A.B. asks: 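Have a look at this one.
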Amino acid sequence: MEQLLSWISVHQEILYIVILMIFVGIEVIGRVPSVLHTPLMSGANAIHGVVIIGAIIVMGKAASSNYLALILGFIAVIVGTLNVVGGFVVTDRMLEMFSKKKK
Amino acid sequence: MEQLLSWISVHQEILYIVILMIFVGIEVIGRVPSVLHTPLMSGANAIHGVVIIGAIIVMGKAASSNYLALILGFIAVIVGTLNVVGGFVVTDRMLEMFSKKKK
Amino acid sequence: MELNLLTFLYLVASVTFIVGLKMLSHPASARNGNRVAAIGMTLAILGTIFLYEEEGARLGNYGWIFGGILIGTVVGTLAAKRVKMTAMPEMVSLFNGMGGACAALISLVEFDHLAHLDPMMAGVLLMGGAANAVKGFLLIIVLGLIIGSVSFAGSIIAWGKLNGSIKDFSFKGQHIFNILLLAVIVALAAYLIVFLPANAVFIFYTIFFLSLLYGVFFVFPIGGADMPVVISLLNSFTGVAAACGGFLYDNKVMLTGGILVGAAGTLLTILMCKAMNRSLTNVLIGSFGGGSSSAVAAAGGAVGSHKEISLSDTAVLMSYASKVYIVPGYGLAVAQAQHACHELEKLLESKGVDVKYAIHPVAGRMPGHMNVLLAEADVPYEKLLEMEQANDEFSTTDVVLILGANDVVNPAAKSDPASPIYGMPILDVELAKHVIVNKRSMKPGYAGIENELFFRPKTSMLFGDAKKVLQELVAEIKNL
Amino acid sequence: MELNLLTFLYLVASVTFIVGLKMLSHPASARNGNRVAAIGMTLAILGTIFLYEEEGARLGNYGWIFGGILIGTVVGTLAAKRVKMTAMPEMVSLFNGMGGACAALISLVEFDHLAHLDPMMAGVLLMGGAANAVKGFLLIIVLGLIIGSVSFAGSIIAWGKLNGSIKDFSFKGQHIFNILLLAVIVALAAYLIVFLPANAVFIFYTIFFLSLLYGVFFVFPIGGADMPVVISLLNSFTGVAAACGGFLYDNKVMLTGGILVGAAGTLLTILMCKAMNRSLTNVLIGSFGGGSSSAVAAAGGAVGSHKEISLSDTAVLMSYASKVYIVPGYGLAVAQAQHACHELEKLLESKGVDVKYAIHPVAGRMPGHMNVLLAEADVPYEKLLEMEQANDEFSTTDVVLILGANDVVNPAAKSDPASPIYGMPILDVELAKHVIVNKRSMKPGYAGIENELFFRPKTSMLFGDAKKVLQELVAEIKNL
Ligand SMILES: NC(=O)c1ccc[n+]([C@@H]2O[C@H](COP(=O)([O-])OP(=O)(O)OC[C@H]3O[C@@H](n4cnc5c(N)ncnc54)[C@H](OP(=O)(O)O)[C@@H]3O)[C@@H](O)[C@H]2O)c1
Ligand SMILES: NC(=O)c1ccc[n+]([C@@H]2O[C@H](COP(=O)([O-])OP(=O)(O)OC[C@H]3O[C@@H](n4cnc5c(N)ncnc54)[C@H](OP(=O)(O)O)[C@@H]3O)[C@@H](O)[C@H]2O)c1
């Protein structure tokens, strides 16, 4: 209990950020019309591609003798990029459909 | 410029909290029906009464010889409490009207 | 340990504020939302009193603290419980002013502390490269002072205007004066913070007084009916002032609570303006009220002649109708005629007439004004129809009785692009068979414009104070 | 300096993610929202590559990094550009899986680093009271590993199911097996973190493989048509996995971006279920698809006999109608008949028939499926009416042509409280004069239930593959 409280106290800023972000995430989505569900899912999918930053850090820190880290990191960078680039491009294509119809 | 960036960097957590809170504040209010404008204003009014915590700290820290601090602090505690208590009670009364009509 | 618990309590309180505010914005959960926030607030306050520590030292002066809280609680509760329904907006304004005052007082005391470090300590601090820290600290103190004072003074003026003890007052060039005043305040604050001059105390108090003055002049010229919008704006100011306190003490609950109200209050202010189909600048510069006479003149061309109806004719018309709609407006509130109105409604219902109320969202002088007013007279909720629903019903309605409403039934909002209320949705009372308008004269309402409806063939005027007319009407119908 | 700039860039990127997501949820701003988020992402990535420092050291291995990014960009862009409109959900699933894999790979490498500190360094760390820090670190690594792996494996299965290369597969007691599997994973993770056992590496890889296995078994039994919901859920998983990375590197943009998607994705999953009038548990346990036969049997009582209509009769009926509505459904997508459908529509229009489409929000197998499908065939946007609008129009419609839709026009949703789709709003096609249903057989649709509409007097069946039937219909009408 005491440990937990002190942990909370030490990490209070991060906790605030996480909690507020959860509220933001929920509120921002709240009013989406159902036609936009799929593009929204796809856009959110692209955003979590931010995990690629972790892959870049892993890759960039890997010692040139550490083959495991190099290879896994390289794959991580590739798949992460796939997530980001593919995600944004496919979302854009979906939304192109909608805007084309609008005009 | 450099100073600004380093300031941002040092206070990044607080900045995140402030920015996210602004988003939350805006999003949370977004869908309010106009009948609720006044109670909502009143409820928000009560919430900023949290400033009383500052008054309590001022008061509690004041040396017993520092009359200025004691007197101003005392007034601050009173007006702060007025804001909090009055705010919540008056909001509740307004909303009572609405709920009475609902049943 | 205690401090860690306090941090946790603050976190919980912040969350309750968010959740509470969210619940407050939905009718069904609003009341509980208010309670949730109140519980969080209680936690935060009690936690601060008993757990707060600074450099290992607990808070002292418990007597003063509890004394202040006791006084505040008793006075606040009594005031909030006693206030009449229709006086609630001014009460909110007063409480908001208290919050602003609290923030300003905190700044005063903290500045006093800072000033008493001088000259020795401060010199040391400044030498030690901590100058930036001191300046940052001072910046927050001064910000809290300015915003708190403006909010306090402005709220008090708003309160006075709403309860009628302060009259509108403006002079030519006041807006320019206001801007200049604000510029002086900002310049003084910048000078104080950047140069930390020797006469800092003097400058600080000058800023304080100018801020109070600015608050007064800021609210003075704004039309009394615009006060709800102004109060909402000042409300968000106080939120920001509270957030300054959060920076000052590195206190997360003050910071988050203050920012939350600052952001939500700003949006709410905008939403309120939108509901009245106006812009915030428009409200603040107050061109609306000021330009009223010219607007009347401009609309004058459309004016024809109106016809009156007698009380007995009205009585007959209404008792033999099968469906009657009542459109309440600001006049009903002014006349405090809600009880008489409810009596008329019950009487007609007992005669088999179907009576309902058509509630325009901005009828009256605050959002929900009509709902609150009629609820006070125990009018059942099912009888209150919102604008859209009511508009669907008017075509099958025999008589629409308009009680002290004007702008909300003005067809110019639909037909005249030059009208200041153009674009505002209105109640389409003209769809009904007969329209009876009760007001005291042919004078315009809030927007200061002529209402063509009064000259239309279907419309008859029933002049007089709403309460008096309603009482007589009830008597008349009983005698039929 | 560089690090401070990077912090600022991360802050900007976090804000773009929020703003982007917000814009994405409004039709008018959606496309720009996607771009805003993409710009923020680019800033964050470039910033990391060029500005990131750890203990004063910049990142190395630029060749590998740029190589990886180049490969990913080329492959990702090509894949995303080439994919057919209707195959987009599976593409999203694949990309989502890549994100999960990325998170899992990061955990693998970081664990490897941690493991190689052993035994000397780790011992020192553990002695030095830093045990808790190591455990916290390990907790995050393991969490990222589990969630990332589940998301990766699950997404690949979902992808395979959607493109048809993987078939549904389930065995009795699979749900219990799944729960047990999850329990084992959690137990192993707890053991690993709390006791830091000597065979940590072995346990870690066991957790890895079991998580992959869990991802597979989690998605396997779920009906193919529920995949969009599952993908959305896995999407939010990947968000949480990314947030773990944020904790690991104390990296705010990963943290906020991940949490944002985690929260938004969870809500989106729930909203998607709601649009289909189902609960998330219902989707995950898949009782829907499984219980289909019994549902059919139960509804069997209401079944009578249906009547068929010939192609030439249909041709005549439609050409001489003045108002025709087309209700597209999943069958139209399966048959890839959108172009043929557009052709029919143009042909009828040229004959003076007023042709529109009635789009049910959950027709097809993903939200917006019909919009995307018809847009591909260049059907103008004005011709697509949403359910509410269409329902207002049916009563003045001569012919409704249902192309491969079933559940979305099933009257049981309104009349039969026992039906699994009870409560779902449907298209009220029966208000029209004639209803023509095209499908290949009398088999039920997605919900696995009988459709009484097919047996109603107004309804005629036109059996056959949608594309073939439409082509023949066009030929027939031209020959009239
Ligand atoms: N609801 C809000 O939140 C809010 C806030 C601020 C402003 N407003 C604005 O206020 C206006 C509200 O429209 P409204 O139609 O309710 O009111 P209104 O347009 O202000 O008209 C009220 C009418 O009531 C009559 N009246 C005054 N005292 C009366 C009495 N004792 N007995 C009978 N009649 C009396 C007045 O005419 P006589 O003088 O001839 O009697 C006046 O024309 C809108 O323009 C709205 O934008 C609303
Ligand atoms: N939109 C979404 O987001 C989403 C996601 C998941 C699930 N769902 C669910 O999917 C259902 C959608 O309803 P729906 O009416 O569009 O589809 P449906 O109820 O699944 O019915 C589709 C019908 O199309 C027919 N069909 C199949 N292939 C065909 C072909 N080649 N030519 C002509 N007809 C063909 C089938 O009958 P035959 O076999 O006799 O030809 C089937 O009855 C709803 O229950 C909804 O809840 C929707």
Side-chain angles (χ1 to χ4, degrees), chain B residues 18 21-22 24-26 28-29 31-32 34-45 47-60 62 68-70 72-95 97-102, chain C residues 17-18 21-22 24-25 30-31 34 37-38 41 48 59-61 64-65 68-69 71-73 76-77 79-80 91-92 95-96 98-99 101-103 105-106 108-109 112 232 235 238-239 242 245 249 254 256-261 263-265 267-268 272 275 361 366-368 371-372 375 381:
Chain B
V18 169
M21 206 68 192
I22 292 175
V24 171
I26 291 176
V28 153
I29 292 290
R31 274 158 286 185
V32 61
S34 64
V35 228
L36 281 183
H37 282 171
T38 309
L40 187 62
M41 173 169 89
S42 179
N45 167 51
I47 289 175
H48 69 49
V50 73
V51 70
I52 191 190
I53 287 180
I56 293 175
I57 295 176
V58 159
M59 186 77 244
L68 181 83
L70 282 179
L72 292 186
F74 185 59
I75 302 177
V77 171
I78 295 179
V79 294
T81 314
L82 271 175
N83 185 176
V84 172
V85 176
F88 281 119
V89 174
V90 89
T91 311
D92 191 64
R93 267 196 71 198
M94 283 187 203
L95 292 167
M97 289 281 110
F98 288 84
S99 58
K100 200 170 79 190
K101 297 170 306 181
K102 279 272 161 55
Chain C
F17 293 165
I18 301 175
L21 209 60
K22 190 171 168 48
L24 264 169
S25 61
R31 204 165 174 204
N34 187 47
M41 184 69 80
T48 307
L59 291 180
N61 300 320
W64 291 81
I65 294 178
I69 291 183
I71 297 176
T73 307
T77 312
M91 201 75 238
V92 174
F95 290 142
N96 181 48
M98 295 301 107
C102 186
L105 287 171
I106 293 173
L108 286 181
V109 178
D112 184 60
S232 178
N235 188 30
T238 314
Y249 300 113
M254 286 173 77
T256 50
I259 297 282
L260 180 68
V261 175
L267 182 63
L268 184 61
M272 283 173 130
M366 63 174 191
N371 301 62
V372 168
Y381 187 68

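Letters A, B, ... are given to chains in the order of the sequence lines, protein chains preceding strands, and every chain is numbered from 1. Remember, predicted model here, so these are calculated numbers, not experimental data.
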A.B. asks: If you compare all heavy atoms of I106(C) against all heavy atoms of G54(B), which two are closest, and at what distance to 0.1 Å?
C.D. replies: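 Distance-wise, the nearest heavy atoms are CD1-C, 3.5 Å.
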A.B. asks: Does any backbone or side-chain atom of V84(B) lie under 4.5 Å from a heavy atom of chain C? Answer side chain, backbone, both or neither.
C.D. replies: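 The side chain, not the backbone.
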A.B. asks: Is there a side-chain contact between Y249(C) and V58(B) (heavy atoms, below 4.5 Å)?
C.D. replies: yes
A.B. asks: Is any side-chain heavy atom of L260(C) closer than 4.5 Å to a side-chain heavy atom of H48(B)?
C.D. replies: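 SC-SC contact between L260(C) and H48(B) ruled out.
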A.B. asks: Do the non-hydrogen side-chain atoms of I18(C) and M21(B) ever get within less than 4.5 Å of each other?
C.D. replies: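 A side-chain contact under 4.5 Å exists here.
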A.B. asks: Return the minimal non-hydrogen interatomic distance between N83(B) and G99(C), and the atom names on each side.
C.D. replies: OD1-CA, 3.0 Å
A.B. asks: Among V89(B), V18(B), T38(B), I75(B), who wins on heavy-atom pairs under 4.5 Å with chain C?
C.D. replies: T38(B)
A.B. asks: Using non-hydrogen atoms only, which part of M254(C) is less than 4.5 Å away from chain B: side chain, backbone, both, or neither?
C.D. replies: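 For M254(C), the contact with chain B is made by backbone and side chain together.
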A.B. asks: Do T238(C) and N45(B) pass the side chain to side chain contact (heavy atoms under 4.5 Å, CB included) test, and can you show the C-alpha distance, the side-chain angles, and the key distance before you say yes or no?
C.D. replies: CA-CA 8 Å; T238(C) 314; N45(B) 167 51; over 6 Å; no
A.B. asks: Return the option, out of A242(C), G258(C), A79(C), with the maximum number of heavy-atom pairs under 4.5 Å with chain B.
C.D. replies: A242(C)
A.B. asks: So which of A37(C), G245(C), A101(C) has the largest heavy-atom pair count under 4.5 angstrom toward chain B?
C.D. replies: A37(C)
A.B. asks: Do you know which two heavy atoms are closest between A76(B) and C102(C), and how far apart they sit?
C.D. replies: O-SG, 3.4 Å
A.B. asks: Find the one option among I52(B), L68(B), I57(B) whose heavy-atom pairs under 4.5 Å with chain C are most numerous.
C.D. replies: I57(B)
A.B. asks: Flag the one option from M272(C), K22(C), M98(C) with the top tally of heavy-atom pairs under 4.5 Å to chain B.
C.D. replies: M98(C)
A.B. asks: Nearest 0.5 Å, please: how far is CE in M91(C) from CZ in R93(B)?
C.D. replies: 10.0 Å
A.B. asks: Scan I69(C), N61(C), L105(C), I71(C) and name whichever one has a side-chain contact (heavy atoms from CB on, under 4.5 Å) with V77(B).
C.D. replies: I69(C)
A.B. asks: Between V50(B), L70(B), I26(B), I29(B), who has the most heavy-atom pairs with chain C when the cutoff is under 4.5 Å?
C.D. replies: V50(B)
A.B. asks: In Å and rounded to the nearest 0.5 Å, what is the CE to CD1 distance from M41(C) to I53(B)?
C.D. replies: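 Taking CE in M41(C) and CD1 in I53(B), the distance rounds to 7.0 Å.
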A.B. asks: Looking at F88(B), is its backbone amide N or carbonyl O close enough to the side chain of N34(C) to form a donor-acceptor pair, meaning the two atoms are under 3.5 Å apart?
C.D. replies: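 Yes; judged by distance alone, with no hydrogens or angles, the pair exists.
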A.B. asks: For M41(B), which of N96(C), L24(C), V261(C), N235(C) qualifies under side-chain contact (heavy atoms from CB on, under 4.5 Å)?
C.D. replies: N235(C)
A.B. asks: For chain B, find which of L108(C), T77(C), L268(C) contributes the most heavy-atom pairs closer than 4.5 angstrom.
C.D. replies: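 The answer is L268(C).
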A.B. asks: Looking only at heavy atoms and a cut-off of under 4.5 Å, which of T81(B), V32(B), L72(B) has the most pairs with chain C?
C.D. replies: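 Result: the option with the highest number of such pairs is T81(B).
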A.B. asks: Which region of A38(C), side chain (C-beta onward) or backbone (N, CA, C, O), has a non-hydrogen atom less than 4.5 Å from a non-hydrogen atom of chain B, or is it both or neither?
C.D. replies: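 For A38(C), heavy atoms of backbone and side chain both lie under 4.5 Å from chain B.
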A.B. asks: Should I259(C) and I22(B) count as side-chain neighbours, where that means a heavy-atom distance under 4.5 Å?
C.D. replies: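 Touching, per the 4.5 Å side-chain cut-off.
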A.B. asks: Using every non-hydrogen atom in the two residues, find where L36(B) and S25(C) come nearest and quote the distance to one decimal.
C.D. replies: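 Minimum heavy-atom contact is CD1-C, 3.8 Å.
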A.B. asks: Looking at CD1 of I56(B) and CH2 of W64(C), how far apart are the two atoms once the value is rounded to the nearest 0.5 Å?
C.D. replies: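 Spacing of CD1 (I56(B)) from CH2 (W64(C)) equals 15.5 Å.
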A.B. asks: Is there side-chain contact between V90(B) and V92(C), with heavy atoms separated by less than 4.5 Å?
C.D. replies: yes
